[in-house]
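Here's a structure for you.
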Amino acid sequence: MPETARRPPPYRLDRDLLEDEVRFDTMRASGPGGQNLHKTESAVRLTHYPSGVVVIASDTRSQARNRELAFERLIERLRKLNFVPKKRKKTRPTLGAKKRRLEGKRHAGATKRLRGSLRGEE
């Protein structure tokens, strides 16, 4: 599939449909594993064209298992990209809440007024 313009979410999460939208690359994995790891192309990279997400899996020595892991990771990343938070509705404080807040302010003001210096102690 050639490089196409990216499109915004929602993205499809069905495995069969995803296989048509990704580029599948294999490469040699790094890390411990000896000669078998260094001479086989078991690591997998999936590039999802519509979103631009790139996922790499090189956890196991099996290319088939790494491919499954890469698809699981890709679906999880696309699921996060598809999430749209709900719009917040503006709310006003209730009449009772306003009264309680003003009463609290009055009480605090009265307390502060009592802290002032007394006229007879100067």
| field | side chain to side chain donor-acceptor pair (under 3.5 Å) involving Ser58 - partner list, sequence neighbours excluded | value | none
| message | When you group the ILVMFWY residues by side-chain heavy-atom contacts below 4.5 Å and let the links chain together, are Val53 and Leu18 in the same group? | response | yes
| said: If the condition is side chain to side chain donor-acceptor pair (under 3.5 Å), which residues does Glu72 pass it with, not counting sequence neighbours? | reply: none
| Partners of Arg113 by salt bridge (charged side-chain N to carboxylate O under 4.0 Å, His left out), sequence neighbours excluded? | none
| Under the 3.5 angstrom rule, does the side chain of Asn66 hit a backbone N or O of Thr60 as a donor-acceptor pair? | yes
| note | Excluding Met27, membership of its hydrophobic cluster (Ile, Leu, Val, Met, Phe, Trp, Tyr; side-chain heavy atoms within less than 4.5 Å) reads Ile56
| task | Please name all residues satisfying side chain to side chain donor-acceptor pair (under 3.5 Å) with Arg73, sequence neighbours left out, ordered by chain then number. | result | Asp59
| query | Can you list the steps and then say if Arg65 with Glu68 is a salt bridge (charged side-chain N to carboxylate O under 4.0 Å, His left out)? | reply | CA-CA 5 Å; Arg65 180 66 186 132; Glu68 295 302 315; 5.9 Å; no
| request: Using the salt bridge (Lys or Arg N to Asp or Glu O under 4.0 Å) rule, collect all pairs that involve residues 28-54, keeping only residues at least two apart or in two chains. | output: none
| task | Might you point out which heavy atoms bring Val55 and Ala70 nearest each other, and give the distance in Å? | result | CG1-O, 3.7 Å
| query | What residues join Leu114 in its hydrophobic cluster, counting side-chain heavy atom gaps under 4.5 Å, either direct or through other members? | reply | none
| Should Val22 and Phe71 count as side-chain neighbours, where that means a heavy-atom distance under 4.5 Å? | yes
| task | Taking side chain to side chain contact (heavy atoms under 4.5 Å, CB included) as the test, write out the residues that go with Ser30, two or more places apart. | result | none
| Side-chain touch Leu46/Arg23, heavy atoms, less than 4.5 angstrom | no
All N/O donor-acceptor pairs, side-chain side in residues 75-102, below 3.5 Å, sequence neighbours left out:
| from | atom 1 | to | atom 2 | distance (Å) |
| --- | --- | --- | --- | --- |
| Asn82 | OD1 | Tyr11 | N | 2.7 |
| Asn82 | ND2 | Tyr11 | O | 2.9 |
| Thr94 | OG1 | Ala97 | N | 3.2 |

| note | Distance col, row Arg61:CZ vs Ser42:OG, nearest 0.5 angstrom, shows 8.5 Å
| field | Non-neighbouring partners of Ser62 that pass side chain to side chain donor-acceptor pair (under 3.5 Å), sequence neighbours left out | value | none
| note | With sequence neighbours left out, the residues meeting side chain to side chain contact (heavy atoms under 4.5 Å, CB included) with Asp14 are Asp16, Leu17
